[in-house]
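Heads up: the structure comes next, in structure tokens.
Each chain gets a letter, A, B and so on, in the order its sequence line appears, and its residues count up from 1. Hydrogens, waters and symmetry mates are skipped; everything else that's a heavy atom, side chains included, is used. Small disclaimer: the values here were computed from a predicted structure and weren't measured.
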Amino acid sequence: QSALTQPASVSGSPGQSITISCTGTSSDVGSYNLVSWYQQHPGKAPKLMIYEVSKRPSGVSNRFSGSKSGNTASLTISGLQAEDEADYYCCSYAGSSTRFGGGTKLTVL
Amino acid sequence: QVQLVQSGAEVKKPGASVKVSCKASGYTFTSYGISWVRQAPGQGLEWMGWISAYNGNTNYAQKLQGRVTMTTDTSTSTAYMELRSLRSDDTAVYYCARDLGMTTVTTTLDYWGQGTLVTVSS
């Protein structure tokens with residue numbers, strides 16, 4: 001069971017938008033609308049940012065949005081802020097199991 | 001408010017077992033599942049498995065099948081994860097997280113415990 005594929009790192013300047021991709025297969029991302037995204041700051045527990053591809057939990061900024069096309073899901077962060085600098089992980093249902101992506105380090109320049 | 005409070009750090013020798021607890025409060029325990037996720041030092045997140053607090057059904061990651069057991073005690077709203085035959089590469093922070101799925105895995109983990117560091121060393 002391979003992990004989902006994410007870029008190791010992305011960066012952007014304050015105010016800009018960035019997109020993090022998450023590529024899976026027809027056995028996970030491509031078959032289910034159960035893709036979620038987690039933000040993790042160093043030494044902290046992960047935080048749910050997006051669930052079911054594009055839904056935002058209460059309290060999460062609307063600068064965060066999610067989408068999916070085929071076997072690839074994406075997380076977009078608009079209006080980058082310094083506090084967005086963190087690791088981001090995608091997660092997909094894979095038929096009675098769950099797979100995480102390898103994680104993407106977001107640097108706000 | 002929803003809280004998941006995990007047991008403290010553990011140091012174990014190779015071949016031993018560890019049992020981590022996760023006490024839930026602030027919600028109806030049996031209306032959700034609990035997933036366990038671990039993170040080795042400097043590495044990414046790894047899903048270990050899920051248990052329904054409603055009926056005790058479990059799904060385990062294939063690579064851990066036979067070594068991991070997840071249980072719940074509904075009388076105390078506590079979930080447990082036991083990992084046996086520990087190896088050095090089991091050294092990690094272990095997290096419990098509330099899964100929105102009461103009877104099936106959903107991958108929507110909306111509340112997380114603080115994490116428990118398990119160190120496996122001779």
remark   = Okay, B/Q39 and chain A: the region with an atom under 4.5 Å from a heavy atom over there is side chain
key: Any A/Y38 side-chain heavy atom under 4.5 Å of B/L109 side chain   = yes
Heavy-atom check, side chain of A/Y51 versus side chain of B/D110, under 4.5 Å = no
request  = Identify which part of B/W50 has an atom lying under 4.5 Å from any heavy atom of chain A, answering side chain, backbone, both or neither.
outcome  = neither
ask   = What part of B/T104 lies closer than 4.5 angstrom to a heavy atom of chain A: side chain, backbone, both or neither?
value = side chain
ask   = At a heavy-atom separation under 4.5 Å, does A/P57 approach chain B through its side chain, its backbone, both, or neither?
value = neither
inquiry  = Quick check on the hydrophobic clustering: are A/I50 and A/I77 connected, directly or via other members, by side-chain heavy-atom contacts under 4.5 Å?
reply    = yes
ask   = Are B/V20 and B/V68 joined in one hydrophobic group, where the rule is that I, L, V, M, F, W and Y side chains link up if heavy atoms are under 4.5 Å apart?
value = yes
inquiry  = Need one label for B/V93: side chain, backbone, both or neither, based on atoms under 4.5 Å from any heavy atom in chain A.
reply    = neither
query = Can you get from B/V18 to B/M48 by hopping between Ile, Leu, Val, Met, Phe, Trp and Tyr side chains that sit under 4.5 Å apart?
reply = yes
request  = Select one option (side chain, backbone, both, neither) describing which atoms of A/K44 are under 4.5 Å from chain B's heavy atoms.
outcome  = backbone
inquiry  = If I measure from the heavy atoms of chain B, does A/Y32 come under 4.5 Å with its side chain, its backbone, both, or neither?
reply    = neither
request  = Using the rule that two of Ile, Leu, Val, Met, Phe, Trp, Tyr join whenever any of their side-chain heavy atoms come within less than 4.5 Å, decide whether B/L4 and B/F29 are in one cluster.
outcome  = yes
task = Kindly indicate whether the side chain of B/T107, heavy atoms from C-beta on, has any atom under 4.5 Å from the side chain of A/V35.
result = no
key: Validation row: B/L45, A/P46 side chains within 4.5 angstrom (heavy atoms)   = yes
request  = Treat each ILVMFWY residue as a node, draw an edge where side-chain heavy atoms are under 4.5 Å apart, and state whether A/W37 and A/V29 are in one component.
outcome  = yes
inquiry  = Quick check: closest heavy atoms across B/G113 and A/A45, and the distance to 0.1 Å?
reply    = O-CB, 3.5 Å
ask   = Looking at CG of B/D99 and OG1 of A/T98, how far apart are the two atoms once the value is rounded to the nearest 0.5 Å?
value = 7.0 Å
task = Check the surroundings of atom OH in B/Y27: do more than 12 heavy atoms from other residues, nucleotides or ligands lie under 6.0 Å from it?
result = yes
request  = Name the member of B/Y111, B/Y60, B/Y95 that forms the most heavy-atom pairs with chain A at distances under 4.5 Å.
outcome  = B/Y95
inquiry  = As a quick check of understanding, evaluate side chain to side chain contact (heavy atoms under 4.5 Å, CB included) for A/Y93 and B/T106, giving each step before the final call.
reply    = CA-CA 7 Å; A/Y93 182 71; B/T106 69; over 6 Å; no
